[in-house]
2 protein chains.
Amino acid sequence: MTENSPPADTGTHRPRRSEATRAAILRAAVARFAADGYERATIRAIARDADIDPSMVMRYYGNKEGLFRAASEIDLRMPDFAGVRAEEAGEALVRHFLQRWEEDGSLAAMLRVGLASGLDEGRQQALLEGQVGPAVARFCAVPAEIPRRTALVASQVLGMAVLRYLLEVPTVTSMTHDEIVAWLAPTVQRYLTAETA
Amino acid sequence: MTENSPPADTGTHRPRRSEATRAAILRAAVARFAADGYERATIRAIARDADIDPSMVMRYYGNKEGLFRAASEIDLRMPDFAGVRAEEAGEALVRHFLQRWEEDGSLAAMLRVGLASGLDEGRQQALLEGQVGPAVARFCAVPAEIPRRTALVASQVLGMAVLRYLLEVPTVTSMTHDEIVAWLAPTVQRYLTAETA
DNA sequence: CCGGTAGGTCAACACCTGTTGGCCAACGCT
DNA sequence: AGCGTTGGCCAACAGGTGTTGACCTACCGG
């Protein structure tokens, strides 16, 4: 009954008591978009998941597209690969991606949705340049080659991700991380460090 | 006016004079699904494109999902690679895929839609086994390895296709066929013929 | 000449969607 | 105590959806 009665100030910034709700909406949205895709994920369903009224979603995020934009921000969590030797780069990258995709199911979901309806044009471009690019740069001496090498690495890693996490092709899902690394790491390694053809 | 007045029997099978309409519907459906995705491609729009009534679509294909199933049958048109030497296999495959994707825009579209909402589970699996598999088999002696090698080849080719034709990342779209082949062919070649790790 | 049937249209149904504006309750400040 | 602001809910709107069944029309066999 008395519940918790938090002190008036919960910090230096007044945290807008509704931040909790805002976050709940976003969490529910990510899950719904992930499971159902953009069109099938209805605002009503998201609101129900978050235990609030549909109109609240609009108040907080303006409209459905705004909600989606907020929900589909992807963070690859690329480490800086500081201690990684150049000839281990391919393996390190492939392992990181496998782990990342596996630990965060919403990654696959957001990719699916992103591919489906071209809502966020140029978003993936930014993702490549902003997140994958810097990692590639650490192993690639010639700056001019970075975009292309980044794209090549992405093509292989992304293709594997599509097969394994989106399509869930049995042949691929049944492979172990080590097996995948054994095949993909040399490819990625070549894209990173081989001299230009 | 007189138009063509076909004889009563145009063959052993009576060709159901409506086959023309049926085909028109399907053509419009492919285009619409391609452009707008599954949910946004409305039956009304498809019918309008085909210059018929929406209800005709239902008569011919039962419901929207049936229409989609009919419209999303992908034919990779794999040649038999009879005259291709083993060490040219990678290049031959990559070139074929590039050409195929380029000449038939609906391929990309259908992939997009197929990825979006898991309507056709196991469909891509069948596509791999039925169409890519046999091509791989021609260059792979050990039958047991075919599924896995097929999947690996697919991962690279498909990843490139996603970047180039779905996401249309500038870095990738600006590459020439020869450049792509130069990078991808060795990878595919290795997936086809390298000894198991 | 005439009736059946295939191909096609029309109008409507029932439903669900994103979105909006008005109303209510609780809280913090003065 | 009183007041404004904030967070939240309710009910409704306008529009678009897949889908259905009744109706029409021209052809073709007998």
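As the structure is a prediction and not an experimental result, all values here were calculated from the model. Residue numbers begin at 1 in each chain, while the letters A, B, ... track the order of the sequences.
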Point to revise | Atom pair distance, as rounded to whole Å: CE in A/M56 and P in C/dC24 | key: 16 Å

Review point. Within this structure, what is the CG-to-C1' distance between A/D53 and D/dG8, rounded to whole angstrom?
Key: 8 Å

Review point. D/dT6 P sits how many Å from A/E19 CD, rounded?
Key: 14 Å

Point to revise | side-chain hydrogen bond (donor to acceptor under 3.5 Å, both in side chains) partners of residues 157-172 of chain B, not counting sequence neighbours, each pair once | key: B/E102-B/Y165

Review point. Rounded to the Å, how far apart are A/M58 CE and D/dG7 C1'?
Key: 17 Å

**Study point:** Euclidean distance, atom CD of residue A/E39 to atom P of C/dT17 [Å, nearest integer]
**Key:** 12 Å

Check your understanding: Do A/I52 and A/Y60 come close enough that some side-chain heavy atom pair is under 4.5 Å?
Key -> no

Study note, to complete from the structure: Separation of D/dC10 atom P from A/R48 atom CZ, nearest Å, is 14 Å

Check your understanding: Just checking, A/R149 and A/F139: is the charged tip under 6.0 Å from the six-membered ring centre and within 45° of the axis?
Key -> no

**Study point:** Position toward the 5' end of DNA chain C (nearest nucleotide), A/R59 or A/A41
**Key:** A/A41

Point to revise | Distance, rounded to the nearest Å, where B/Y61 contributes OH and D/dT20 contributes P | key: 17 Å

Exercise for review: Look at the side chain of B/S55 and the base of C/dC10, then say whether one donor and one acceptor between them are separated by less than 3.5 Å.
Suggested key: yes

Practice item. Send over the distance from B/R44 CZ to C/dC13 C1', rounded to a whole Å. Key: 11 Å

Check your understanding: Does B/T21 place a side-chain N or O at less than 4.0 Å from the phosphate oxygens OP1/OP2 of C/dG7?
Key -> no

Check your understanding: Going through the distances and angles, do B/D49 and B/R44 end up as a salt bridge (charged side-chain N to carboxylate O under 4.0 Å, His left out)?
Key -> CA-CA 9 Å; B/D49 288 0; B/R44 283 173 165 86; over 6 Å; no

